[in-house]
Amino acid sequence: MQFFESIAQQFNKTFIVDDRYMYFLKGLQNTIITALAATLMGIIIGIIIAIIKVLHKKTGKLKILNGIFELYTTVIRGTPVVLQLLISYNLIFVFSNNAVMIGIIAFGINSGAYVSEIIRAGIMAVDDGQTEAGRSLGLSQLQTMRLIVLPQAFKNVLPALGNEFIALLKETSVIGYLGVMDLTKAAESVISRTANVYFPYLTIAIIYLIMVHGLSKLFNMLERRFAQSDRS
Amino acid sequence: MIEVKNLCKSFSKNNVLKNIDYKIEKGEKIVIVGPSGSGKSTFLRCLNLLEVPTSGEIWFEGIQINSKATKIDTIRQKMGMVFQQFNLFNNKNILDNITLAPTTLKLQTKDEAEAKAMALLERIGLADKAKAYPSQLSGGQKQRVAIVRALAMNPDVMLFDEPTSALDPEMVGEVLQLMTELADDGMTMVVVTHEMGFAREVGTKILFMDEGKIMEEASPQEFFSNPKHPRLQDFLSKVL
């Protein structure tokens, strides 16, 4: 009986008193906004870089751009994301106090490096015959890429992309370094007021788990839809 | 219609085509035969610039197509190509495979393109496969779709790169049948093939290529009954 009373009390302290559940809601909101926006940015950066790298490899053109992007991938993949976050905040975007925005940009640029390599691998795996067929019908290089090669490349790399976005979602937990109230920071804020660790940590662990599970379900669904053309 | 002047093509140190000159007139059905590695596929692929010539000129309907000033995409709309491996778009169903290029390039409206595609599919007896995906078709069906996909662009010439070489034997006939019909309709065709029967029946001229050169050019009659070059005599003795 005493055990349940204690639990009820802890629950009350963690969520109800001073409307502390608001920390978690605010944290969830920031985590989702950061992850979604960074993912979107990562995809856009990733696609552009992957296409330019592939075009460079196939045609030998775009040498300078390709060199810049090689450097970019090397630097981004070679340094910790926390460091990139701190450098963005304290060195590059010193004129801005919008930590969420800076976090989104840093995570997006970071993710773009990984996504570009994933998509590049996917493009390389599409048979050259597909491109040749498109070009032989009079489609331009970009039309062929957009309508024929990229959809097939995406299908090939969906599982790897899913992995990347799951990793990104969890990685956003370090945005607290910039003072952003994300899920992880929310738990810590509540703990510093209640001195109770179980409820806050368990709560955000479950929320992360649910989000990741939802994301992997979403990717399974996408894989099934893309697999449509494999029916035989 | 197509004129090739002094065409050379090399891959790094390997000279695949050596100073080829040739002229193809409207309505001709040129069949190119020769041993593997003779450069016949490379020659065909140079005609629509899938391979960029190392030197020489290729002219199509009065335009030099391997010149920087020429927009090759526009030229290719008039040159259909059929590949050994079919190369249907795996992510598109059969109907979309056929309508993709004409609609994307705004040559036909969606309705026009679909009506034309269905008529073409009707003609090859595959109208019921319009919504199927390439992976659901047999090799012969895929190749016939690939041919009508090229035809949907209303090309002036059709290039065939060993169109039956990847097919099971029992499916070769249906593809050759369609190509013969096409020839009878007056289409200008350039065909790289190992099908000697087709060369004899359909070809207006047969070219024998070896070591990157056109070794012999003759009418089908002459080609098979009176081969002059020793290499051709040797080749024919092996394939016939």
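Chain naming here is simple, since letters A, B, ... match the order of the sequence lines and numbering starts at 1 in each. None of the values given here were measured: they were computed from a predicted structure.
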Problem - Ring-face cation contact, Phe89(B) with Arg149(B), 6.0 Å cut, 45° max - result: yes
Problem - Heavy atoms of other groups near His194(B) NE2, more than 12 under 6.0 Å - result: yes
Exercise for the section: Establish, yes or no, whether the cationic atom of Lys26(A) lies under 6.0 Å from the six-membered ring centre of Phe24(A) and within 45° of the ring axis. Expected result: no
Handout entry: Residues of residues 129-140 of chain A contacting chain B, heavy-atom criterion under 4.5 Å, by residue number
Key = Gly129(A), Gln130(A), Glu132(A), Ala133(A), Gly134(A), Arg135(A), Ser136(A), Leu137(A), Gly138(A), Leu139(A), Ser140(A)
Practice task
Output yes when a side-chain donor or acceptor of Tyr72(A) lies under 3.5 Å from a complementary backbone atom of Ala113(A), and no otherwise.
Solution key: yes
Exercise for the section: For chain A, find which of Leu159(B), Leu88(B), Val82(B), Leu49(B) contributes the most heavy-atom pairs closer than 4.5 angstrom. Expected result: Leu88(B)
Exercise for the section: Please assess Asn163(A) against Phe219(A) for the test side-chain contact (heavy atoms from CB on, under 4.5 Å), listing each intermediate value before the final yes or no. Expected result: CA-CA 9 Å; Asn163(A) 251 345; Phe219(A) 267 86; over 6 Å; no
Handout entry: Interchain contact, Met153(B) with chain A, by part (heavy-atom threshold 4.5 Å)
Key = side chain
Exercise for the section: Apply side chain to side chain donor-acceptor pair (under 3.5 Å) to the pair Thr73(A) and Lys53(A), showing each step before the final yes or no. Expected result: CA-CA 11 Å; Thr73(A) 349; Lys53(A) 282 190 174 177; 3.0 Å; yes
Exercise for the section: Say whether Ser111(A) and Glu164(A), considering side chains only, have a donor N or O and an acceptor N or O under 3.5 Å apart. Expected result: yes
Exercise for the section: Measure distances from Asp127(A) to the heavy atoms of chain B and classify the residue's part below 4.5 Å as side chain, backbone, both or neither. Expected result: side chain
